[in-house]
Amino acid sequence: MTLQLTPLHPLFAAEVHGLDLRITPNPDTCNAIHRAMDRYAVLLFRDQRIDDDQQMDFGAALGPLEETLGIVDAHKHRLKHRQMADISNLDTDGHLLADDDRRRMFNLGNRLWHSDSSFKLVPALYSMLHARLVPPENGDTEFADMRLAWEALPNRTRETLQPLVAEHSLLFSRAQLGFGDYTEAERAQFAPVPQRLVRWHPGSQRHSLYLSAHIGRIQGWPNPEALALIRDLTESATQRPSVYAHRWQQFDLVIWDNRTTMHRGRPFEDKTHPRDMRRVTLTDHAPTLEQAQAAG
Ligand code: OGA
Ligand code: MN
């Protein structure tokens, strides 16, 4: 099986044609999707009129799903499946979240460049985001390829970065926006986890820079030096020529590989327009510190 692909950007990201995801793909098709993900890191499937069950089935066909979500007020979950992340500005009754709702404040963290679930010991593999309802304008999602980011670095910098271990937490990313309103249970649940700063991606045989807004420390480094470095790296990794900005149409499904990309949401009129996006997320196989760091 070969997929029909059209590149969306000169360096990565492609649109897949000819698949109807209401039908769960067979192993051969899944394999072709994995190979395309290895090459392009971001895939777009347009006009997929799938429901929650079909989106879950599609995810499960590609790999094991993440069990838990990194959210506040988990008891107010709007969607039928506990494993489906609600990337919307809607309350359980379908109304827009109130301006000062804690969930709205917390969700604004998605506007920072990040890799999904890098705050979990076993982080996310693919994220699969489906657009059920999109605002008339704005609200793009931007992607940057972290293999290109690594390859653009001078050798001396690469040698410095290679052995480093960063600590990631939702508390760190939200603190960047001045959010710190947690229950004790949430604070404990969001305790920092260690991740390699440089990862090896076996599917493309390339390294990637594992950056995320969730990073708040580098082990063995003073905080200001660590965070100044992370800020510089993030800035250079997300320069315009390495960014694909996805302009959403209703029923788009976009899959990205969190090992090799970062992404961020862009602002839209969220106090007046609903934006209903739902995400199924695959889990990686092991903590990054237990993963191989190069071919071999
Ligand atoms: C996500 C995410 C950004 C957006 O779904 O993980 O960060 O544009 N989304 O909704
Ligand atoms: Mn995200």
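What you see is a predicted model; the values in this text were computed from it and never measured. Both ligands and their constituent atoms are indexed starting at 1 by order of listing.
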Report summary line: Counting from 1 in the order shown, the ligand 1 atoms closer than 4.0 Å to a non-hydrogen atom of Thr141 are 4 (C), 8 (O)
Query - Salt bridge flag under 4.0 Å for residues Arg82 and Glu66 - result: no
Requested in this report: Would you mind checking if Asp140 and Arg266 are paired as a salt bridge, meaning a charged N to carboxylate O distance below 4.0 Å?
Outcome: no
Requested in this report: Output the list of atoms in ligand 1 that are nearer than 4.0 Å to some heavy atom of His263, sorted by atom number.
Outcome: 1 (C), 2 (C), 6 (O), 7 (O)
Query raised in the report: Does the ring of Phe268 carry Arg275 above it, NZ/CZ under 6.0 angstrom from centre and within 45° of its axis?
Result: yes
**Report entry** contact_flag Arg279 ligand 1 heavy-atom lt 4.0 Å
**Finding:** yes
Report task. Mark up the atoms of ligand 1 that fall under 4.0 Å of a heavy atom belonging to Arg275, in ascending order. Result -> 4 (C), 8 (O), 10 (O)
**Report entry** Those atoms of ligand 1 less than 4.0 Å from some heavy atom in Ile87
**Finding:** 5 (O), 9 (N), 10 (O)
Query raised in the report: Does Arg111 come within less than 4.0 angstrom of ligand 1, counting non-hydrogen atoms of the residue?
Result: no
Query - Gap between atom CD of Gln54 and atom CZ of Arg49 - 0.5 Å precision - result: 12.5 Å
Query - For His114, atoms of ligand 1 separated by under 4.0 Å from a heavy atom - result: 7 (O)
Query raised in the report: By number and element, which atoms of ligand 1 are closer than 4.0 Å to a non-hydrogen atom of Leu129?
Result: 5 (O)
Requested in this report: Look at ligand 1 and say whether Trp256 reaches it with a heavy atom at a distance under 4.0 Å.
Outcome: yes
**Report entry** Gln291 versus Arg196, side-chain donor and acceptor atoms under 3.5 Å
**Finding:** no
Query raised in the report: Can you tell me how far the CZ atom of Arg22 sits from the CG atom of Asp53, to the nearest 0.5 Å?
Result: 14.5 Å
Query raised in the report: Quick check: does any side chain N or O of His34 sit under 3.5 Å from a backbone N or O of Leu62, one acting as donor and the other as acceptor?
Result: yes
Report task. Quick one: report the N, O or S atom of His263 that is nearest to the Mn ion (ligand 2). Result -> NE2
Query - ligand 1 atoms in contact with Asp116 (distance to a heavy atom under 4.0 Å) - result: 6 (O)
Query raised in the report: Hey, which N, O or S atom on Asp116 ends up closest to the Mn ion (ligand 2)?
Result: OD1
Query raised in the report: Hey, what do you get for NE2 (His201) to NE2 (His207), rounding to the nearest 0.5 Å?
Result: 12.5 Å
